[in-house]
Amino acid sequence: MRRLDQLLSSLGYCSRREAVALVKAKRVKQNDIVLTKADQKVDPHAITLDGEPLEAPDGLLAMLHKPVGYVCTHNDGEGPTIYELLPDQWLRRNPAVTSVGRLDKDTSGLLLVTDIGSLVHRFTSPKADVEKVYLAELDRELDPQLVEIFARGDLMLRGEDKPCLPARLEIVSSQTARLTITEGRYHQVRRMFASQGWHVEKLHRERFGPHDLGDLAEGEWRLIPVDTL
Ligand code: URA
């Protein structure tokens, strides 16, 4: 049970003061019964506002199909941010929605966003062992030997002292490859190819753990039910 005004404000609907006005206007119901007090304890799952159930009352998880050109920070000094593609209400939630890890400005594809702090940790901790699948377009023809080089687990990136964990490379066409990694080092995919003399011209993340983009259009998002996790 949660206090109604706190609940509505933590889900980004309004301030606590505005919650009083919503109640007065008879816009909030619990099990179809109009509520009369903004400070009463309520069951978040039984509440409707203007007839609609509350959005993601147990925490929000969504996937975004990030377009090239958007940055994963809140600071818009580097160009448009992914947060401009999400509903304003998500950013007013407390805790606010943030991305699970990041994609480079020049990378497109699947980005998870959530306000559930434990999920960010679960998905991004080095021990998490979450598979991330990328489609990369290279500047020249791929060499089948790269499959073995990336799989060995001894690939060193410049400036680092631990080799990359084994990664799975599938050559899709002469200059396109699908790479599956379980780590999330800075610019990892681009740097892995660079270490062998290839330049990644286009990079797209198709999958993150069990989640894949499916037919989600670029710039669009989709909620993921948190009870399935
Ligand atoms: N590896 C990269 O180089 N860039 C990304 O955005 C993600 C993985």
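Ligands are counted one by one from 1 in listed order, and the atoms in each one are counted from 1 as well. FYI, side chains are in, hydrogens and waters are out, and symmetry mates aren't considered; it's all heavy atoms of this structure.
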Chemist: Looking only at distances, can you tell me whether any N or O atom of Arg191, backbone or side chain, sits closer than 3.5 Å to an N or O atom of ligand 1?
Modeler: no
Chemist: Identify which one of Leu179, Leu103, Val189, Val68 satisfies the side chain to side chain contact (heavy atoms under 4.5 Å, CB included) criterion when paired with Leu203.
Modeler: Val189
Chemist: Can you list the ligand 1 atoms lying under 4.0 Å from a non-hydrogen atom of His187?
Modeler: 1 (N), 2 (C), 3 (O)
Chemist: Between Asp104 and ligand 1, which residue portion shows a heavy-atom distance shorter than 4.0 Å: side chain, backbone, both, or neither?
Modeler: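 Both parts.
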Chemist: Atoms of ligand 1 less than 4.0 Å from Tyr134 heavy atoms?
Modeler: 7 (C), 8 (C)
Chemist: Can you find an N/O atom of Leu103 closer than 3.5 Å to an N/O atom of ligand 1?
Modeler: no
Chemist: Could you label the plane-to-plane angle of the Phe123 and His211 rings as parallel, tilted or perpendicular, counting under 30° as parallel and over 60° as perpendicular?
Modeler: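 Taking His211 first and then Phe123, their aromatic rings stand perpendicular (interplane angle over 60°).
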Chemist: May I ask you to decide whether Asp50 forms a salt bridge with Arg27, counting only side-chain N to carboxylate O separations under 4.0 Å?
Modeler: yes
Chemist: Counting only heavy atoms, tell me which of Leu111, Leu203, Asp106 gets closest to atom 2 (C) of ligand 1.
Modeler: Leu203
Chemist: Under a 4.0 angstrom heavy-atom cut-off, which atoms of ligand 1 come close to Thr107?
Modeler: 4 (N), 5 (C), 6 (O)
Chemist: Do other residues, nucleotides or ligands put more than 12 heavy atoms under 6.0 Å from the CZ atom of Arg102?
Modeler: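 Not more than 12 within 6.0 Å, no.
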Chemist: Considering only protein heavy atoms, which is closest to atom 1 (N) of ligand 1, and at what distance to one decimal place?
Modeler: Val189 N, 3.0 Å
Chemist: Any ion pair linking Glu78 and Lys105 (charged N to carboxylate O, less than 4.0 Å)?
Modeler: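 Looking at Glu78 together with Lys105, the answer is no, because their closest N to O distance does not fall below 4.0 Å.
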Chemist: In plain terms, say whether Lys37 and Asp39 are close enough for a salt bridge, that is, a side-chain N and a carboxylate O under 4.0 Å apart.
Modeler: no
Chemist: Counting both backbone and side chain atoms, is some N or O of Arg102 under 3.5 Å from an N or O of ligand 1?
Modeler: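 Looking only at distances, the answer is no, because the N/O contact criterion of under 3.5 Å is not met.
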Chemist: Quick check: are there more than 12 heavy atoms from other residues, nucleotides or ligands sitting under 6.0 Å from NE2 of His121?
Modeler: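 Result for NE2/His121: open.
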